[in-house]
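A quick write-up on the structure given underneath.
What's counted below: heavy atoms across the whole structure, side chains too, no hydrogens, waters or symmetry copies.
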Amino acid sequence: MERIEAIKKITETLEDELVICNIGFPSRELYAVKDSTTHFYMLGSMGMASSIGLGLALSQKRKVVVFDGDGSILMNMGTLVTIFSQNPGNFILVVLDNQCYGSTGSQCTYTTDVDLHKIAKSVGFKNTFVFDEIIDFKQVLDAKGPIFVHMKVKAGNADVPVIDMEPEEIKERFMREIMKI
Ligand SMILES: Cc1ncc(C[n+]2csc(CCOP(=O)(O)OP(=O)(O)O)c2C)c(N)n1
Ligand SMILES: [Mg+2]
C-alpha cells in the first residue's frame, strides 16, 4: 500500500482525535487527503512528532494519534521507552515504515534489517498492531493506549503540493483547537 493510502484509510476512521504528523511528505499527504483544525503538521525536526504527541496526550483527555516515520523513530528511539513508562491511555503511535527516508530521496533506513514492532514489544507495549495491505483502525481506536502500530507501506511519495499555511498558522490554529475543550 502507498503511504498516502494508509494515511487516508486511517484518517477516515478518525473523528475528534488530535493528530500530529511527521515532517515532509507524510504531512503534505495528510494535508492533501484531509485538512482539519485537529491536525498539527510538524514542519521541523525528525524524531519530534512522537514526543510532541506524548506531551499532548499527557496534558489533556482527547486521544492523540501520531503519524511518525521509520527514519524519524530511529532518530529518537528513546521516545518508545518514555512513552511506555509514562503509559498514556489516550496515545496511539503509528509508524509509517517505508524502510527509507522517503521525503529526502528514499535512501534506505535500518528498518530493512530491524523490526520496529519487535522493538516496541520488547520495550513493553502491550497493544501493538502490524498492518500491511488491510488496516483495521477501528480495532486500534478501541484498544487501550499506549498503542504501537507498525504500518508497512511502499516507498514513494504522492504528487501533492506543499502545505500552504505558515508554521505559525499551523501552530496557532492547533492551539485554538486544543483550548476548545
Ligand atoms: C534532525 C533532522 N535531520 C534531517 C532532516 C531532513 N529530513 C526531513 S524529512 C527526512 C526523512 C524522514 O524519513 P522518515 O521519518 O522515514 O519519513 P518518510 O519521509 O520516509 O515518510 C529527512 C532526512 C530533518 N528534518 N531533521
Ligand atoms: Mg520512512
Side-chain angles (χ1 to χ4, degrees), residues 1-70 72-73 76 79-80 82-83 86-98 102-103 120 125 127-129 131 135-151 153 157-158 160-181:
M1 180 181 307
E2 313 283 331
R3 182 183 51 214
I4 192 167
E5 194 57 27
I7 291 174
K8 185 164 181 283
K9 288 220 160 84
I10 293 171
T11 309
E12 277 168 3
T13 65
L14 301 181
E15 287 169 6
D16 74 335
E17 292 82 359
L18 300 171
V19 178
I20 309 289
C21 192
N22 190 27
I23 183 170
F25 269 96
S27 273
R28 287 168 61 170
E29 291 174 1
L30 173 61
Y31 184 69
V33 163
K34 186 192 170 196
D35 183 35
S36 166
T37 56
T38 57
H39 292 178
F40 179 70
Y41 308 103
M42 216 282 298
L43 306 183
S45 174
M46 285 170 72
M48 289 298 111
S50 59
S51 303
I52 293 170
L54 173 61
L56 194 58
L58 292 173
S59 61
Q60 52 80 58
K61 290 200 168 63
R62 279 158 90 176
K63 272 192 187 155
V64 176
V65 177
V66 172
F67 287 113
D68 212 346
D70 50 309
S72 296
I73 204 85
N76 179 19
T79 194
L80 292 178
T82 313
I83 294 165
Q86 290 292 322
N87 198 29
N90 57 343
F91 187 77
I92 301 169
L93 176 61
V94 180
V95 179
L96 299 160
D97 184 4
N98 55 8
S103 298
F125 280 80
N127 283 322
T128 63
F129 297 83
F131 296 129
I135 305 174
D136 183 357
F137 210 75
K138 288 238 172 354
Q139 202 192 341
V140 175
L141 290 169
D142 286 342
K144 190 177 168 352
I147 299 164
F148 181 90
V149 180
H150 192 181
M151 181 68 235
V153 293
N157 306 312
V160 289
V162 291
I163 296 172
D164 58 1
M165 277 194 290
E166 293 298 323
E168 289 84 357
E169 261 180 280
I170 296 173
K171 184 191 78 174
E172 280 155 21
R173 185 181 76 161
F174 189 65
M175 285 172 74
R176 281 195 298 276
E177 175 64 35
I178 299 168
M179 299 299 180
K180 235 171 54 181
I181 296 178

Please identify each residue that fulfils salt bridge (charged side-chain N to carboxylate O under 4.0 Å, His left out) with [X], with sequence neighbours left out.
X: K8; result: E12
X: E17; result: none
X: D136; result: none

Could you tell me whether the side chain of [Y] reaches within less than 4.5 Å of the side chain of [X], counting heavy atoms only?
X: E15; Y: L141; result: no
X: L54; Y: T79; result: no
X: T128; Y: H150; result: no
X: D35; Y: I163; result: no
X: N127; Y: V140; result: no
X: E2; Y: E29; result: no

Value rounded to 0.5 Å, distance of [atom1] in [X] from [atom2] in [Y]:
X: I83; Y: F91; atom1: CD1; atom2: CZ; result: 4.0 Å
X: K9; Y: F131; atom1: NZ; atom2: CZ; result: 12.0 Å
X: I10; Y: M151; atom1: CD1; atom2: CE; result: 6.0 Å
X: I178; Y: R62; atom1: CD1; atom2: CZ; result: 8.0 Å
X: K63; Y: L14; atom1: NZ; atom2: CG; result: 10.0 Å

Residues pairing under ring pair (Phe, Tyr, Trp, His ring centres under 6.0 Å) where one sits in residues 12-35, two or more places apart or in two chains, turn out to be Y31-Y41
* Under the ring pair (Phe, Tyr, Trp, His ring centres under 6.0 Å) test, which residues partner F40, sequence neighbours left out? ->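 F40 satisfies ring pair (Phe, Tyr, Trp, His ring centres under 6.0 Å) with F174 only.
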Residue set satisfying ring pair (Phe, Tyr, Trp, His ring centres under 6.0 Å) with F137, at least two apart, ordered chain then number -> none
For [X], all residues meeting side-chain hydrogen bond (donor to acceptor under 3.5 Å, both in side chains), sequence neighbours excluded:
X: T37; answer: E177
X: S45; answer: none
X: S51; answer: N76

Check side-chain contact (heavy atoms from CB on, under 4.5 Å) between [X] and all other residues, then give those that pass, not counting sequence neighbours.
X: M175; value: K171
X: N22; value: P26, D68, S72
X: E169; value: M165, E166

Do you know the tightest heavy-atom contact between [X] and [Y]?
X: N157; Y: G102; result: ND2-O, 2.9 Å
X: A57; Y: N90; result: O-ND2, 3.0 Å
X: F67; Y: T11; result: CZ-OG1, 4.1 Å
X: N87; Y: G145; result: OD1-O, 4.3 Å
X: S50; Y: L93; result: CB-CD1, 4.0 Å
X: I147; Y: A143; result: CD1-O, 3.5 Å

Within 6.0 Å of NZ in K144, more than 12 heavy atoms from elsewhere:
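Counting other residues, nucleotides and ligands, NZ of K144 exceeds 12 neighbours.
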Pair E172 + R176, salt bridge at N-O below 4.0 Å =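 Between R176 and E172 there is no salt bridge, as every charged N stays at least 4.0 Å from the carboxylate O atoms.
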